[in-house]
Amino acid sequence: MTPPPDAPVVSARAKPHPQDGAQAAQRDRADPCTLVIFGGLGDLSRRKLLPAIYQLMKEHLVDEQFAVLGVSRDEHQTDDTFRATMREALSKSDEVHGVDDELWDALCRRLFFCSADLTQSDDYANIGKRLEEIERVRAPEARNRLFYLAVPPSVFEPIVRNLSSSGLAPRSRKADERPWVRIVVEKPFGRDLESAMRLNNLLLGLFAEHQTYRIDHYLGKETVQNILVLRFANSIFEPLWNRHWVQHVQITASEEVGVEDRGKYYEEAGVVRDMFQNHLLQLLSLTAMEPPAQMTANAVRDEKVKVLKSIRWMTDETIPGNAVRAQYTAGTSGGKSVTGYRQEKDVASDSQVPTFAAVRLFIDNWRWNGVPFYLRSGKRLAKRTSEIAVQFSAPPHLMFGSTSENLRPNTLVMRVQPNEGVSLNFEVKVPGAAVALTSNIEIAPVDMDFDYAEAFGEISAPAYETLLLDVMIGEATLFTRSDEVEAAWKVIDPLIKYWESHPPKRMPTYAAGSWGPREADELIEEDGVEWREPT
Ligand code: BG6
C-alpha cells in the first residue's frame, strides 16, 4: 500500500544539536598500522577499500605512518603499477567526488605492492620482508598489522593457516596487547552452517576472537546503526514495539542491478546466501532485539544472538508454505532492455539458483510471539531500496463510516537506502468538509518524514569507511561475532538445503524491472497483507 501521490507530507525537520559537528570531528583516529590487502588488485579493493582509505585520509582519521600493502598473485605488478591502478580506481569511484592531487600524493607514497601466491606458505617470507621495510620507521609497539582477506572464500582456510604458521600474525592473548594484529574476513563467511563452524574453529584455534573481524557491510551503514538509536534513544517507541501493537514487520532489500559480472559467484551463492544469511538477518535482529544493558560490542551482540536463536526453525514441512523463490527473466531496467538471469555471463542456461526470495519468519519469544516478519530480497527488481517497515495494528473499532474502509494502518518505515530517513504515516481529517465530525468526514493519510540529507547534509561515511576505521581502532560492535554468524546460518541452512534438494518443477519467474513474482504476493496476501511499494 502506498500513499496517494498527492498525500501531503508533514516534514519533521531535524534540528541538529550544536554539538553534532563537534561529535563528528571527534571520531577516534586510527592507530598507526599497515593494512595488508590480500586480493589487493581485486574488485573490492578498487571499488570499496581504496575509496574508503582516501576518505579517511581526507578526514585526517588515519595515522601519519599508516600504509597499505596490496598483495596479489600478479608477478608483473610493482609499487608503481599498483599505485597507477589505485589512482584509476579512485577516479572511477562514485564514493569519491574528485581526487585532490595533494591528498593523492600523500596516499600514493603509502601504497606498496607485493606479489605472492597466498596458498603457498613459502611466499609469506616476501610479504614479511616488505612489511618489515614499511614498519621500520615506526616504534616497535606501533608495528600494528591489519590483514584484510578480500579474496574468494575458497582460499580463506589456507591463508589463515599460512598467516599463522609464517609468524606474520601471532595469536594475541589480550585485546590491549601492542603491537596488535587483526584479521578481517569478508563475507560470505562459509557457505553453510558446517563450513562456517569449520572456519570459526580454524580462526579461533589460531587467533583470538578480539583479533577477528567478520564483515557485514550493512552494519557500517549509518541508517542501520540508527535503528538502535531510534529505538533506544527515544521513549515513545518501546511501549509499542511488541506483539500487542505491531501487526507485522516487512524487511525489503531490493536491487535494480542484475548479477553483473559476478555470475560465477552468484551461481554458487544465490540470493539466500548472498543477502538473507547476513544483511537481512542483521536488519531483523536489530529491529527485534531487546535493549542491551550497555552499548558495548558484546552486549549488543549478545542481544542479537538471542533473537537469531528465537527464530522458529523452518522445516521441510513448513518451508513450502512460508518461502518463495524465483528467477528474473528478460525485462526493462532503468529504461533499458535487459536479459534474464539464465542468459547472464557464467550462468547455466538451466540454472535453478534463485535471484529472489520472500520468507515469512516468526520469532518465538515474549515480545514477538505471533508477529510475522516478512523478508524479501532480489536482483533486477523495480527499484534499489532497503527498508524496514513496522506496521502497527489497526484501530480496534472504526466509526468513520465508509471512509474507514480505506484507512492505512500506521507504519513506521526506516529507510536504510536510498533517501535515508524515517517516516511515520497517520490518518488526518481533510479540512474544509462542510459537515461536523460525523460519520461522513473525509480522511486522508499523511507522512511525517525525517530525511537524513535534509537534516544533516549528505550521509558522509560510506559503510567501508566506518568499518575500516573501527577495525583500526579496535571497535568490534559493527562486526559479527562467531556465535552470531553460526546462529544466522542455523536459521538459513534448512531453507538452502531444502531448496537445493527440491528443485522446483518450474522455477517461478519475474520480469526484470518488476516487484517480484506473483507467488511472493500470494505468500502474504493469505495473511491479509500486501507488500509495500517502497517510496
Ligand atoms: C553484497 C552482495 O553483500 O551486498 C551483493 O554480495 C549486493 O550481491 C550488495 O549487491 C548490496 O549492497 P548495497 O550496499 O549496495 O545495498
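Note that ligands are numbered from 1 as they come in the structure, with each ligand's atoms numbered from 1 the same way. Numbering of residues begins at 1 and proceeds along the displayed sequence.
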| F373 and H248 aromatic centres sub-6.0 Å | no
| said: Ring-plane angle category for F113 and F82, please: parallel below 30°, perpendicular beyond 60°, tilted otherwise. | reply: tilted
| task | Tell me yes or no: between the side chains of E475 and Y213, is some donor less than 3.5 Å from an acceptor? | result | no
| task | Distance to 0.1 Å, residue and atom name: give those for the protein heavy atom nearest to atom 5 (C) of ligand 1. | result | R262 NH1, 3.4 Å
| remark: Tested for side-chain contact (heavy atoms from CB on, under 4.5 Å) against V96, the lone hit among L50, L103, L90 is L90
| query | Hey, looking at atom 13 (P) of ligand 1, which of M275, H217, H279 has the closest heavy atom? | reply | H217
| field | Shortest protein contact, atom 6 (O) of ligand 1 (heavy atom only) | value | D274 OD1, 2.6 Å
| remark: min-distance protein heavy atom vs atom 16 (O) of ligand 1 -> Q417 NE2, 2.6 Å
| said: Tell me whether E157 is salt-bridged to R198, with the criterion being a basic N under 4.0 Å from an acidic carboxylate O. | reply: yes
| At a non-hydrogen distance cut-off of under 4.0 Å, which region of Y218 contacts ligand 1 (side chain, backbone, both, or neither)? | side chain
| said: Would K187 count as a polar contact of ligand 1, with the cut-off being nitrogen or oxygen pairs under 3.5 Å? | reply: yes
| note | Closest to atom 15 (O) of ligand 1 among protein heavy atoms sits R384 NH2, 3.5 Å
| field | atom 14 (O) of ligand 1: the protein heavy-atom neighbour that sits closest, reported with distance to 0.1 Å | value | K221 NZ, 2.6 Å
| task | Distance to 0.1 Å, residue and atom name: give those for the protein heavy atom nearest to atom 10 (O) of ligand 1. | result | E255 OE1, 2.5 Å
| task | Measure up the Y498 and H502 rings against each other and bin them: parallel (under 30°), tilted (30 to 60°), perpendicular (over 60°). | result | parallel
| Quick one: do R415 and E420 make a salt bridge, cutoff under 4.0 Å? | no
| What atoms of ligand 1 come closer than 4.0 angstrom to any heavy atom of K379? | 5 (C), 7 (C), 8 (O), 10 (O)
